[in-house]
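Accompanying notes for the structure given below.
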Amino acid sequence: MLEALNPQPQDKILQLIAMFREDARTDKIDLGVGVYKDATGLTPVMRAIKAAEKKLWETETTKTYTGLAGEPAYNAAMVQLILGAGFADRAASIATPGGTGAIRQALELIRMANPAAKVWLSAPTWPNHPSIVKFLGMPMAEYRYFDVASSGIDFAGLMADLAGVAAGDAVLLHGCCHNPTGANLTPAQWDEVIALLQAKKAVPFVDLAYQGFGDGLDADAEATRKVAAAFPEVLIAASCSKNFGIYRERTGVLIALTSPERKAVVQGNLNFLNRQNYSFPPDHGARLVTMILEDAALTADWKAELEETRLNMLTLRQQLADELRKATNSDRFDFVAHHRGMFSRLGLTEAQVVRLREEAGIYMVGDSRINIAGLNAQTVPVLARAIAAVL
Ligand code: LMR
């Protein structure tokens with residue numbers, strides 16, 4: 001049986017982790033996978049997570065199963081964190097293994113409810129989006145998103161492509177901090193997209209993996225909240241990997257907004273999907289998040305550290321834009337300071353990306369996406385000079 005299997009293509013982002021590890025150079029720089037690193041290159045465990053873990057160790061008396069949807073308190077806390085007040089009676093939700101688990105479950109829910117629904121993805125998008133859609137055999141379409149010339153949004157292209165959405169199609173939107181480009185819709189552009197998708201009777205599917213990494217915890221959820229208020233049905237896949245720094249704990253949530261009357265049936269289907277795929281979702285990370293969000297002091301400390309992280313990335317963005325100005329004698333890379341989130345796509349060719357890796361030990365994804373949080377004050381000028389050298 002197993003001899004029938006073919007080799008799978010390597011994941012382009014995860015492949016970089018192994019390549020970087022194998023590189024013996026001591027001055028190598030990892031700007032590949034989206035993981036936050038502090039100035040010393042460490043991905044720290046956040047203070048509030050440490051405190052919650054300690055308390056959990058002291059007070060936890062059982063590790064018996066939770067519910068199929070995970071702990072109701074976690075789901076409620078996540079609905080509140082993402083959407084604010086006023087959505088509880090419309091929100092069915094399940095805990096999932098990370099944001100990827102939520103995306104997978106959302107796609108399976110779409111396929112169960114409407115096998116003909118096309119899934120629309122931004123061009124470009126996180127490579128795992130099309131990969132999972134294809135794996136599930138679902139119809140897929142792309143809408144233009146990124147304008148290479150300006151490193152901004154191709155809004156005319158986006159609107160023209162989304163005009164082709166059919167009723168019931170699911171349109172995947174990055175709630176904030178677009179991955180891989182770092183270019184984001186303005187509030188006015190969100191309003192236009194919402195109006196168009198309303199007219200098309202589309203089902204918005206929001207991927208929110210970086211809440212708190214862009215303009216702030218509430219600001220980054222603003223578009224998602226607008227979408228939630230504007231449509232009768234919305235799917236939201238959210239991750240705690242980045243904003244709580246608990247990548248390996250696999251902590252995510254899928255929220256399906258529906259009418260209060262349909263909520264119980266939708267919830268039952270979400271529970272069913274968890275049962276089919278892995279029975280009970282992981283609990284440890286979800287429990288820590290709940291403990292933090294239910295405790296005012298821990299919440300305040302978590303928010304303070306998250307804000308520090310966000311501001312650090314903004315500072316690095318500005319430094320990189322300034323250094324690139326100096327090194328290239330042009331404003332070509334000014335967009336880096338205006339982008340938001342962990343990533344920016346620099347607009348280099350694949351050959352230039354390879355040269356940066358081979359000649360300077362600088363690792364970035366082949367489409368020239370860099371993880372801003374992989375930089376520090378010392379490596380910013382090094383990167384800028386290396387980029388100038390390959391232009
Ligand atoms: C990324 O885009 O680098 C992250 O979302 C990590 C991943 O799983 O690809």
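Not measured: the values here are computed from a predicted model. Both counts, for ligands and for their atoms, begin at 1 and track the order of listing.
Residue contacts with ligand 1 for Val33 involve both N, CA, C or O and side-chain atoms from C-beta outward (heavy atoms, distance under 4.0 Å). For Asn179, every heavy-atom contact with ligand 1 shorter than 4.0 Å involves the side chain, none the backbone.
By the 4.0 Å heavy-atom criterion, Tyr210 is counted among the residues contacting ligand 1.
Which parts of ligand 1 touch Gly34 is read off a 4.0 Å heavy-atom cut-off, strictly below it: atoms 1 (C), 3 (O).
Considering backbone and side-chain N/O atoms, Phe343 never comes within less than 3.5 Å of an N/O atom of ligand 1.
The pair Asp218-Arg225 meets the salt-bridge criterion, with a side-chain N (NZ, NE, NH1 or NH2) lying under 4.0 Å from an Asp/Glu carboxylate O. Residues Lys263 and Asp89 are not paired through a salt bridge, judged by the lack of any N-O separation under 4.0 Å between the basic side chain and the carboxylate. We find that Asp23 and Lys28 are not joined by a salt bridge, their nearest charged nitrogen and carboxylate oxygen being 4.0 Å or further apart.
Judged by distance alone, the side chain of Asn243 and the main-chain N or O of Gln211 form a donor-acceptor pair under 3.5 Å.
Within the 4.5 Å cutoff, the side chain of Leu109 has no heavy atoms near those of the Gln105 side chain.
Scanning the protein heavy atoms around atom 8 (O) of ligand 1, the nearest turns out to be Trp126 CZ2, 3.5 Å.
In this model, a donor atom of one side chain and an acceptor atom of the other lie less than 3.5 Å apart for Arg317 and Ser344.
Closest to atom 4 (C) of ligand 1 by heavy atom, among Lys12, Arg369, Lys242, is Lys242.
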